[in-house]
There are 2 protein chains.
Amino acid sequence: MQLEKVTKEARRVYDDACGTAHGLELIGERWALLVLRELMLGPRRFSQLRADLPGISANVLTQRLNELEERGLVRRTRLPPPASVQVYEATEWGLEAEPIVQTLGRWAARSPRHDPTLPISGVSILLSMRTMIDAERARDMDAHLNFRFGDDLYTGHLHGGAIAISRGEHPAPDLIIAGEPQAWAGVLYGKAPLDLIQWSGDKDLLDRVIDLYHLPEKAPLPSH
Amino acid sequence: MQLEKVTKEARRVYDDACGTAHGLELIGERWALLVLRELMLGPRRFSQLRADLPGISANVLTQRLNELEERGLVRRTRLPPPASVQVYEATEWGLEAEPIVQTLGRWAARSPRHDPTLPISGVSILLSMRTMIDAERARDMDAHLNFRFGDDLYTGHLHGGAIAISRGEHPAPDLIIAGEPQAWAGVLYGKAPLDLIQWSGDKDLLDRVIDLYHLPEKAPLPSH
DNA sequence: CCGTATCCAATAAGATACTG
DNA sequence: CAGTATCTTATTGGATACGG
């Protein structure tokens with residue numbers, strides 16, 4: 001029995017001092033990085049995570065959350081009253097994994113097989129707005145944008161060539177965008193018609209925001 | 001059979017427009033990123049990959065290489081005569097995945113569970129030298145370092161706060177380092193005694209190179 | 001030596017139903 | 001809503017054997 005346990009644990013370990021290998025032991029399991037991604041803009045409940053990750057099953061989500069918690073990347077907390085519900089929240093170190101999410105996402109956007117029309121979560125599309133912004137064109141812009149995806153409110157401050165995203169809403173935004181995250185992705189990256197989303201505010205700003213985002217050139221497929 | 005195939009392929013897809021999710025579909029399988037890592041400094045043979053990735057079995061390596069090839073990240077080529085052996089080589093897009101390897105590695109180095117004394121491949125330790133260098137201290141250094149790990153020769157040019165690594169050897173290096181990659185890692189990150197490795201050349205330079213590398217502060221373990 | 005193919009046992013993932 | 005329990009399928013790893 002002792003032996004079995006050793007074998008079981010040893011099997012899934014890479015036995016490699018390289019940080020990359022250890023990183024894969026921490027967040028390399030299926031779904032793990034996507035769960036962490038959903039926590040990057042603040043705490044989420046179990047059922048929200050389930051809804052944001054189409055296809056994950058409850059038992060796998062439970063397992064991933066337990067593993068991430070045990071490893072120090074996620075914490076279980078209770079929201080302050082009157083909500084008082086249990087939520088999952090990334091620890092400081094967990095939040096530091098955001099560059100991994102970004103780097104991987106930016107790299108994969110070059111994939112010839114990438115399909116940007118699939119469903120996407122609100123957190124994902126907002127994180128991608130942080131990553132994929134055209135800093136050159138955004139340099140002289142300064143504006144406040146509010147987003148509403150279902151019941152989730154986010155606000156972005158476009159400033160100095162970057163966009164800072166956080167939970168909540170700005171009291172006097174220049175632009176409000178609402179609708180399905182998937183539709184906003186279609187407008188932003190697919191240059192789909194604006195009537196896929198609801199918006200109000202500065203139309204010219206909206207056009208210029210959309211112009212800040214474009215997908216990179218595709219990498220070639222193998223020739224054979 | 002048709003149905004089975006569809007089900008099988010569909011099951012492993014995240015159905016998520018987020019680039020990160022697609023990235024995981026490309027290089028998220030077990031071992032995939034480590035195989036790609038080993039190709040970051042030039043082509044490798046099947047048996048070299050097997051030796052560099054302790055614990056991977058031949059059939060899994062075959063499968064990962066085939067998948068990476070099919071996805072356009074790895075190419076099978078033949079070395080020019082007289083060698084004429086088949087090797088695996090990262091495509092240009094595959095090489096662009098290096099920031100993923102680096103970001104993941106740097107992040108995971110903060111793990112309280114990271115064990116830097118495990119075995120490590122030559123490519124890994126050299127890539128980590130690129131990632132983990134203290135740019136501040138290295139800013140005014142300029143030197144050529146040769147490395148020999150078994151039969152593999154690499155050279156590094158320390159210059160402008162960074163170190164450029166490539167295959168081969170510099171004809172007149174300031175320092176030559178040879179031995180097991182694991183031993184060099186122990187000297188570099190664990191500040192282990194120098195007699196673990198073989199070296200010749202500028203002893204003062206060697207000391208200063210070692211001083212360019214240190215592991216980051218550990219993240220806290222969960223308190224429970 | 002360089003892989004590939006096949007078989008087997010152990011896990012991990014997925015689907016579904018169910019409980020506090 | 002927040003997970004467990006259970007069952008089925010897929011993937012992994014290890015061993016071994018086989019062809020170039």
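These figures come from a predicted structure and were not determined experimentally. Chain A is the first sequence line, chain B the second, and so forth, proteins listed ahead of strands; every chain is numbered from 1.
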Novice: Quick one: which of C/dA13, C/dG3, C/dT4 gets closest to the side chain of B/Gln86?
Specialist: C/dG3

Novice: With a 4.0 Å cutoff (strictly under), does any side-chain N or O of A/Arg30 reach OP1 or OP2 of C/dG14?
Specialist: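 Yes, because at least one side-chain N or O of A/Arg30 sits under 4.0 Å from OP1 or OP2 of C/dG14.
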
Novice: Taking CG from A/Asp151 and P from D/dC1, how many angstroms apart are they, rounded to a whole number?
Specialist: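 After rounding, the reported distance stands at 12 Å.
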
Novice: Is the gap between the ring centers of A/Tyr14 and B/Trp31 under 6.0 Å?
Specialist: yes

Novice: Of the options D/dG13, D/dT12, D/dT4, whose atoms approach the side-chain atoms of A/Thr62 most closely?
Specialist: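 Nearest listed nucleotide: D/dT4.
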
Novice: I'd like to know whether CD of B/Glu180 has more than 12 heavy-atom contacts from other residues, nucleotides or ligands below 6.0 angstrom.
Specialist: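 12 or below, so no.
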
Novice: With distance as the sole criterion, do the side chain of B/Asn59 and the base of C/dT4 form a donor-acceptor contact below 3.5 Å?
Specialist: no

Novice: Could you say whether B/Ile56 or A/Leu65 is positioned toward the 5' end of DNA chain D, judged by the nucleotide with the nearest heavy atom to each?
Specialist: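 Upstream on the strand: A/Leu65.
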
Novice: Just checking B/Ser47: base, sugar-phosphate only, or nothing, at a heavy-atom cut-off of under 4.0 Å?
Specialist: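 Counting heavy atoms under 4.0 Å across all strands, the contact made by B/Ser47 is with sugar-phosphate only.
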
Novice: So which nucleotide from D/dG13, D/dG3, C/dT4 ends up closest to the side chain of A/Ala58?
Specialist: D/dG3

Novice: What's the CG-P distance between A/Leu61 and C/dA12, to the nearest Å?
Specialist: 17 Å

Novice: It should be established whether A/Arg45 places a side-chain nitrogen or oxygen under 4.0 Å from OP1 or OP2 of nucleotide D/dA2.
Specialist: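 For D/dA2, OP1/OP2 do have a side-chain N/O of A/Arg45 under 4.0 Å.
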
Novice: Within less than 4.0 Å of OP1 or OP2 of C/dA12, is there a side-chain N or O belonging to A/Trp31?
Specialist: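 Result: no.
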
Novice: Output the single nucleotide from C/dG3, D/dG3, C/dA13 whose closest atom is nearest the side chain of A/Glu29.
Specialist: C/dA13

Novice: Can you measure A/Phe46 atom CZ to C/dG20 atom P for me and round it to whole angstrom units?
Specialist: 17 Å

Novice: Go through D/dT12, D/dG3, C/dT4 for me and flag the one nearest to the A/Arg50 side chain.
Specialist: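 The listed nucleotide nearest to A/Arg50's side chain is D/dG3.
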
Novice: Under 4.0 Å: is that the gap between some side-chain N or O of A/Ser57 and OP1 or OP2 of C/dA15?
Specialist: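 Result: no.
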
Novice: More than 12 foreign heavy atoms under 6.0 Å from CZ of A/Arg148: is that the case here?
Specialist: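 Check fails, neighbour count at 12 or below.
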
Novice: Are the side chain of B/Arg37 and the backbone of B/Leu127 linked by a donor-acceptor contact shorter than 3.5 Å?
Specialist: no

